[in-house]
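One structure is given below, encoded as structure tokens.
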Amino acid sequence: MPELPEVETTLRGIEPHLAGRKIVGVVVRQAQLRWPIPDDLSAQLAGREILACFRRAKYLLFALPNGHLLIHLGMSGSLRLTSESDPGRHDHVDIVLDSGKILRYHDPRRFGAVLWLDGPVSEHRLFAHLGPEPLLEDFDERRLFVLSRGRKTPVKTFIMDNQVVVGVGNIYANEALFMAGIKPLAMAGGVSRQRYARLTLAIKQVLEKAIAEGGTTLKDFVGGDGKPGYFQQQLNVYGRTGEACVKCDGVLKEVKIAGRSSVFCARCQR
DNA sequence: ACGCGGCCCTGGATGC
DNA sequence: TGCATCCAGGGCCGCG
């Protein structure tokens, strides 16, 4: 379910309840996620204090004295704090805190991950090749321009490449390209530096706005505090195939690019 | 090196 | 109502 704004919303919702708390127990009901949950997870976590919570790309990381707990929400995952001891269907993992609250991982499709990292996060294989965070200054149009030269891949696929920039998922790739007036199928290597400047700004703006709104409401997305996000109503193209373009009133088209739905206005995006 | 398609999995929507 | 088919927010991996 989650794109970067949903992950960030989740982090902000749960962080105040986790930092400084001690983990008193771990319950794994289903270990078969994208990768198996390691057997020693409980031994690594139990009795340890959560020193800090942070995010890198769409990975949530929880710093403990002896390493990091990593959680990825995949396509359908969510994390919430609860006081109810009875788990529901697809509630795969509980992390029980000394406050009496439970951090509960729920993931119907099980594309997510719960892992234990021993060493430095940045050296882990999942992190070693990640591009910059889209909301930080080291993500700029120069990077998009330079890395795209000679690339024939569609610009939409290019900005969804985690080695180029992290955290741009399908929804916001569509939205950012619409905002920037760039056709998703345009060859990445043929997009001008000036247009990459527009696209860079659009990516930052669409993500910042979504975070400010508390994440997109998709299916049953809820933040860590259980409140739904409210961004869905503000999507200009994603999920609006066949409807009218908000800028020119033309009919929005849909194509598949690398297997992902891509919605655009053929008149506004070139 | 690059670009693409497959695949991991469940469930909701759609259609016959 | 029931069953089959398709589709979904991610991202690693292997193939050509």
Is there a donor in the side chain of Lys256(A) and an acceptor in the side chain of Ser261(A), or the other way round, less than 3.5 Å apart? yes
Just to confirm, is there a sub-4.0 Å distance from OP1 or OP2 of dC7(C) to any side-chain nitrogen or oxygen of Ser261(A)? no
Listing, residues 111-132 of chain A side-chain donor-acceptor contacts under 3.5 Å, not counting sequence neighbours, or none:
from, atom 1, to, atom 2, distance (Å)
Trp116(A), NE1, Asp118(A), OD1, 3.3
His124(A), ND1, Leu126(A), N, 3.0

Does a nitrogen or oxygen in the side chain of Tyr172(A) sit under 4.0 Å from OP1 or OP2 of dG9(C)? no
Scan Asp107(A) against the nucleic acid and name what it touches under 4.0 Å (heavy atoms): base, sugar-phosphate only, or nothing. nothing
Without decimals, in angstroms, what is the distance between Tyr105(A) OH and dC9(B) C1'? 11 Å
Of all heavy-atom pairs between Lys204(A) and Pro134(A), which one has the smallest distance, and what is that distance? NZ-O, 3.0 Å
Separation of atom CD in Gln163(A) from atom C1' in dG3(B), rounded to whole Å: 13 Å
Can you check whether Asn170(A)'s main-chain N or O pairs, donor with acceptor, with Asn174(A)'s side chain at less than 3.5 Å? yes
Side-chain N or O of His72(A) versus OP1/OP2 of dG11(C): is the shortest distance under 4.0 Å? yes
With respect to His90(A), which candidate in Gln30(A), His106(A), Arg29(A), Arg109(A) satisfies the side-chain contact (heavy atoms from CB on, under 4.5 Å) definition? His106(A)
Determine which bases of DNA chain C form Watson-Crick or G-U wobble pairs with both distances under 3.5 Å, and write the result as a 5' to 3' dot-bracket string with | for other-strand partners. .|||||||.|||||||
In whole angstrom, what separates His106(A)'s NE2 from dG11(B)'s C1'? 11 Å
Heavy atoms of other groups near Lys247(A) NZ, more than 12 under 6.0 Å: yes
Is it the case that over 12 heavy atoms from other parts of the model lie below 6.0 angstrom from the CG atom of Asn66(A)? yes
Between Ile23(A) and Arg48(A), is a side-chain contact (heavy atoms from CB on, under 4.5 Å) present by the stated rule, with each step listed? CA-CA 6 Å; Ile23(A) 295 170; Arg48(A) 303 258 164 53; 5.6 Å; no
Hey, are Arg55(A) and Glu133(A) close enough for a salt bridge, meaning a charged N less than 4.0 Å from a carboxylate O? yes
Closer to the 5' end of DNA chain B via nearest nucleotide, is it Arg109(A) or Pro154(A)? Pro154(A)
When Arg125(A) and Leu4(A) are each assigned the nearest nucleotide of DNA chain C, the 5'-most assignment goes to Leu4(A)
If you look at every strand shown and take non-hydrogen atoms under 4.0 Å, does Phe158(A) touch a base, only sugar-phosphate, or nothing? nothing
For Arg142(A) and Arg193(A), run side-chain contact (heavy atoms from CB on, under 4.5 Å): C-alpha distance rounded to whole Å, both residues' side-chain angles, the deciding distance at 0.1 Å, then the answer. CA-CA 7 Å; Arg142(A) 193 180 68 87; Arg193(A) 181 160 181 153; 3.5 Å; yes
Would you measure the distance from the P atom in dG9(C) across to the matching atom in dT14(B) and give it in whole Å? 16 Å
Does a nitrogen or oxygen in the side chain of Arg260(A) sit under 4.0 Å from OP1 or OP2 of dG10(C)? yes
Picking from dG10(C), dA8(C), dG11(B), the nucleotide nearest the side-chain atoms of Pro108(A) would be dG11(B)
What is the distance from NE2 of His92(A) to P of dT10(B), rounded to the nearest Å? 9 Å
Indicate, with a heavy-atom threshold strictly under 4.0 Å, whether Gly259(A) touches base, sugar-phosphate, or nothing. nothing
Given atom CG of Asp161(A) and atom C1' of dC4(B), what is their separation to the nearest angstrom? 13 Å
Figure out the CZ/P separation between Phe111(A) and dC13(C), and round it to whole Å. 15 Å
Calculate the interatomic distance between Asn162(A) atom CG and dC12(C) atom C1'; express it in whole Å. 11 Å
Expected output: side-chain Glu254(A) to main-chain Phe264(A) donor-acceptor under 3.5 Å: no
With a 4.0 Å heavy-atom cut-off, tell me which residues in residues 33-41 of chain A come close to DNA chain C, sorted by residue number. Arg34(A), Trp35(A)
On the nucleotide dA8(C), are OP1 or OP2 found under 4.0 Å from the side-chain N or O atoms that Lys256(A) carries? yes
Taking only the side-chain nitrogens and oxygens of Lys152(A), find out if one of them lies under 4.0 Å from OP1 or OP2 of dC2(B). no
Whole angstrom value for the distance that separates P of dC9(B) from CD of Gln32(A): 9 Å
Measuring from the side chain of Thr153(A) (C-beta onward, heavy atoms only), which nucleotide among dG3(B), dC12(C), dG9(C) has the closest atom? dG3(B)
Tell me whether the side-chain N/O atoms of His90(A) come closer than 4.0 Å to OP1 or OP2 in dC9(B). no
